[in-house]
Amino acid sequence: MRVFKFGGASVKDAYGVKNVIRVLEKVGYKDTLIVVSAMGKTTNALELVIDKYLNDKENLAHELLEVKTYHTTIINDLFETDQHPVYQAVALLFEELQLFLNSNKSPDYNFIYDQVIGCGELVSSTIISHYLNEMHLKNNWLDVRKCIKTDNYYRRANVDWEATQAHISKAVAPATLYITQGFLASDSNNFTTTLGREGSDYTAAIFAYCLNAESVTIWKDVPGVLNGDPRHFSNAKLLNTISYTEAIELAFYGASVIHPKTLQPLQRKEIPLHVKSFLNPEDRGTTVNKTKGIEPKVPCFILKQNQVLLSLSTLDFSYIVEENISEIFTLLALYKMKVDVIQNSAISFSVCFENAYNNLEPLLLHLKAKFKVTCQNNVSLYTIRHFDDLSIKTLQQGKTVLLKQLFQETVQIVTE
Ligand code: ADP
Ligand code: ASP
Ligand code: MG
C-alpha cells in the first residue's frame, strides 16, 4: 500500500479538495490510505473555541459558529444539493462536540483540548470522503481512534505500537482506498488523544510502518524539502534526496516541513518518504531514503524565532560546575522548556530555548534565587547544516550575534 498525507494547506478550501482528486487521478489511488489534517487553520480556530469555553463562555457560541460557517462554505462549494448526506454527517460531528462541551466535568486543560480539537480532522475527513465518493473515487472512511492507540498523555500522546499494529492489521485490507484523520488517536478508555501539533505526518508514518507500506507521500505547498524555509530564505533550493539521518537532523533543528517523529518509524522499515507539491504532483519532489547525506550537497538553513537566551553565573563568583548545571536542567525540565543550544565557560552558562508553555516568569523567579541571570527574549536561532565560510558570513551580515557554536557539520547562531 501507499500512504498519502494531505495537510491543512492542501485542503483549505473547495478548490483544494477538488485538487486532491486531480492529484489522485494523476498519480493513482489504488491500494492507498489517505491521511488528512483539519482544513486550513481549523486547529488554531478550535484552540480559540477551547479558550472561550474555559475563560469566556459568552463568546463560545460565536467562536464555534466561525468554525461551522467556514466548513459549511466549503461544503456548499463542493456539493450541488443541500440534501446531500454530508450535511447531516458534519452536523452530527458538531453536535457531538457540543454534547461534550455541555457535559464535561473535567478541569484538565489537556484532556479538554484533545476532545475538542479532534473535531477538525473528523470534519475534514468526512467532507473529503463524501466528495471523493461523489466523484466516483469510492473510499472507506476510517476512524483513526479505532486504529492508533496511545497512553493518556493528552496533547502529546505516546503510541502503543503493539495495540496499534493489531488494530490497523484488522481494519485495513489491501486493494481499497481509505481516508482517515491525522493527528488523532485514542487512549485505553477510548478518549481522543493527539500526537502533538503538526502530528499528521507522524500519523502517516505510523500507518506506513504497521502496513509495511511501499512509500509515504506528504503533499505540500512547496516543491519538496528545500535547503531553507522559503518564507525566510530567498532562493531556497530543492533537495532531491536526503538520507533518513539527515532528515531527522533537519527536523530536530526545526525544519518544520516534516514533523520530527515521522522519520524514525520509516527508517526502521526503510520505507521511502516523498515530499511533493500538491500543485505539481508529477514533479519528483524530495525523496528521503537510505541514501547518504543530501543531494545536492548545499548548506541547509533553519530558523527558529521567538527563542529565549539566558546567561547564568553563580552569585558567589565560583565556577559553574556539575551541580549547578544539574540544578538548571531540573528547572528547565520542570517548566517544560525545550532546550535548543547550551554553552558553558568557567563562570557562565548560556542556554537558548523555546518558551512553549509560557512558563518563563516562574522559571526566572526560581533561577534568580540561585544565580545571577540575564535574559534576552525574542532572539532568533539559526542553524546551518553543512555550513561553509560563505554561508556563515552571509547569514551573519547585519545581525548582532549573541552566541555561536560549531559542532561537526552544524553551526548554530543566536542573534538579536
Ligand atoms: P501542512 O499543510 O502539511 O501542515 P506545513 O505548512 O506544515 O504543511 O508545511 C509546509 C511549509 O513548511 C511550507 O509552506 C514552508 O513554509 C515550510 N518549510 C519549513 N522548512 C522548509 C523546508 N526546509 N523546505 C520546504 N518547506 C519548508
Ligand atoms: N491539524 C493539526 C495541526 O494543525 C495536525 C496537523 O495538521 O498535522 O497541528
Ligand atoms: Mg502543518
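Remember, it's 1-based here, ligands and their atoms both numbered in the order they're listed.
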**Q** Could you find the nearest protein heavy atom to atom 7 (O) of ligand 2 and give me its residue, atom name and distance?
**A** S37 OG, 3.1 Å
**Q** Counting only nitrogen or oxygen atoms and a 3.5 angstrom limit, does S10 reach ligand 1?
**A** no
**Q** So with a 6.0 Å cut-off around NE2 of H366, is the heavy-atom count from everything else above 12?
**A** no
**Q** Quick check on contacts: which atoms of ligand 1 are under 4.0 angstrom from a heavy atom of G7?
**A**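 Here the atoms of ligand 1 in question are 1 (P), 2 (O), 3 (O).
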**Q** Please determine if A9 has a nitrogen or oxygen closer than 3.5 Å to a nitrogen or oxygen of ligand 1.
**A** yes
**Q** Check each of R145, Q181, E121 against T192 using the side chain to side chain donor-acceptor pair (under 3.5 Å) test, and report the only one that passes.
**A**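 The single option meeting the side chain to side chain donor-acceptor pair (under 3.5 Å) with T192 is R145.
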**Q** For atom 15 (C) of ligand 1, what is the nearest protein heavy atom, given as residue, atom name and distance?
**A**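 Result: D229 OD1, 3.4 Å.
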**Q** Counting both backbone and side chain atoms, is some N or O of W219 under 3.5 Å from an N or O of ligand 1?
**A** no
**Q** Report, in ascending order of atom number, the atoms of ligand 2 lying under 4.0 Å from any heavy atom of F183.
**A** 2 (C), 5 (C)
**Q** To the nearest 0.5 Å, tell me how far N306 CG sits from N377 CG.
**A** 9.0 Å
**Q** Looking at ligand 1, does S37 have a heavy atom less than 4.0 Å from it?
**A**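 Heavy atoms of S37 never come under 4.0 Å of ligand 1.
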**Q** Can you confirm whether some protein heavy atom lies under 4.0 Å from atom 3 (O) of ligand 1, or whether none does?
**A**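 Given the 4.0 Å cut-off, atom 3 (O) of ligand 1 counts as touching protein heavy atoms.
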**Q** Out of I218, V257, D221, indicate the one that has the non-hydrogen atom closest to atom 26 (N) of ligand 1.
**A**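 It is V257 whose heavy atom sits nearest to atom 26 (N) of ligand 1.
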**Q** Taking the minimum heavy-atom distance to atom 25 (C) of ligand 1, which of A251, S200, G199, G224 ranks first?
**A** G224
**Q** Note the single closest protein heavy atom to atom 24 (N) of ligand 1, along with its residue, its atom name and the distance in Å.
**A** L226 N, 2.9 Å
**Q** Suppose we measure from atom 9 (O) of ligand 2 to each protein heavy atom; which comes out shortest, and what is that distance?
**A** R197 NE, 2.6 Å
**Q** Counting from 1, what ligand 1 atoms have a heavy atom of S256 closer than 4.0 Å?
**A**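 Selected atoms, number and element: 19 (C), 20 (N).
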**Q** Please name the pair of heavy atoms, one in A157 and one in L195, separated by the smallest distance, quoted to 0.1 Å.
**A**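 Result for this residue pair: O-CD2, 4.0 Å.
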**Q** May I ask you to list the atoms of ligand 1 that are less than 4.0 angstrom from any heavy atom of V222?
**A** 13 (C), 14 (O), 25 (C), 26 (N)
**Q** Show the numbers, then the answer: is there a side chain to side chain contact (heavy atoms under 4.5 Å, CB included) between V275 and T287?
**A** CA-CA 6 Å; V275 181; T287 299; over 6 Å; no
**Q** Starting from atom 9 (O) of ligand 1, what is the nearest protein heavy atom, named by residue and atom, and what distance separates them?
**A**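 Here the closest protein heavy atom is K220 NZ, 3.5 Å.
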**Q** Of V11, T126, I74, V17, which is the lone residue that meets side-chain contact (heavy atoms from CB on, under 4.5 Å) with Y131?
**A**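 It is V17; the other options fail the test.
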**Q** Is it true that a side-chain atom of Q115 and a backbone atom of F111 form a donor plus acceptor pair closer than 3.5 Å?
**A**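 Confirmed, Q115 side chain pairs with F111 backbone.
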**Q** Does any N or O in the side chain of K5 come within less than 3.5 Å of the main-chain N or O of V35, such that one atom is a donor and the other an acceptor?
**A** no
**Q** Is any side-chain heavy atom of V3 less than 4.5 Å from a side-chain heavy atom of T32?
**A**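 Side chain of V3 against side chain of T32, heavy atoms only: no contact under 4.5 Å found.
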**Q** G182 near ligand 2, heavy-atom distance under 4.0 Å?
**A** no
**Q** Is the cationic atom of K57 (NZ for Lys, CZ for Arg) positioned less than 6.0 Å from the six-membered ring centroid of Y53 and within 45 degrees of its normal?
**A**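 Relative to the ring axis of Y53, which defines the angle, K57 lies inside both limits.
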**Q** Is it true that a side-chain atom of N140 and a backbone atom of Y178 form a donor plus acceptor pair closer than 3.5 Å?
**A**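 Answer holds: no.
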**Q** Hey, could you give me the OH/CG distance between Y335 and L360, rounded to the nearest 0.5 Å?
**A**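 Between atom OH of Y335 and atom CG of L360 there are 11.0 Å.
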**Q** Numbering the atoms of ligand 1 from 1, which are under 4.0 Å from a heavy atom of K5?
**A**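 Every atom of ligand 1 under 4.0 Å from some heavy atom of K5: 1 (P), 3 (O), 4 (O).
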**Q** Check all N, O or S atoms of E198 and name the one closest to the Mg ion (ligand 3).
**A**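 Of all N, O or S atoms in E198, the Mg ion (ligand 3) lies closest to OE1.
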**Q** A cation-pi test, strictly: NZ or CZ of K399 under 6.0 Å from the centre of the six-membered ring of Y382 and no more than 45 degrees from its axis. Yes or no?
**A**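 The answer is yes; both the distance and angle limits are met.
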**Q** Which residue from N44, I218, T43, V35 reaches closest to atom 2 (C) of ligand 2 through any of its heavy atoms?
**A**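 Checking each option, the heavy atom nearest atom 2 (C) of ligand 2 is found in T43.
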**Q** Any idea which atoms of ligand 1 are less than 4.0 Å away from a heavy-atom of R231?
**A** 16 (O), 17 (C)
**Q** N/O of E198 under 3.5 Å from N/O of ligand 1, yes or no?
**A** yes
**Q** Is it the case that K338 places NZ or CZ above or below the six-membered ring of F353, under 6.0 angstrom from the centre and within 45 degrees of the axis?
**A**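 Not flagged: K338 not positioned over aromatic ring of F353.
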**Q** Does any N or O atom in V225 lie less than 3.5 angstrom from one in ligand 1, N or O only?
**A**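 Checking ligand 1 against V225, no N or O pair falls under 3.5 Å apart.
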**Q** Ligand 2 and G8, any nitrogen or oxygen pair closer than 3.5 angstrom?
**A**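 In fact, backbone or side chain, G8 has no N or O that close.
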**Q** Just how far is it from atom CG of D187 to atom CG of N158, taken to the nearest 0.5 Å?
**A** 12.0 Å
**Q** Can you list the atoms of ligand 1 that are under 4.0 Å from a heavy atom of G8?
**A** 2 (O)
**Q** If you count the atoms of ligand 2 from 1 in the order shown, which ones are under 4.0 Å from a heavy atom of S200?
**A**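 Ligand 2 atoms under the 4.0 Å threshold to S200: 5 (C), 6 (C), 7 (O), 8 (O).
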**Q** Counting both backbone and side chain atoms, is some N or O of E121 under 3.5 Å from an N or O of ligand 2?
**A** yes
**Q** Would you say the ring centroid of Y209 lies under 6.0 angstrom from that of W161?
**A**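 Ring-ring flag for Y209/W161: true, centres closer than 6.0 Å.
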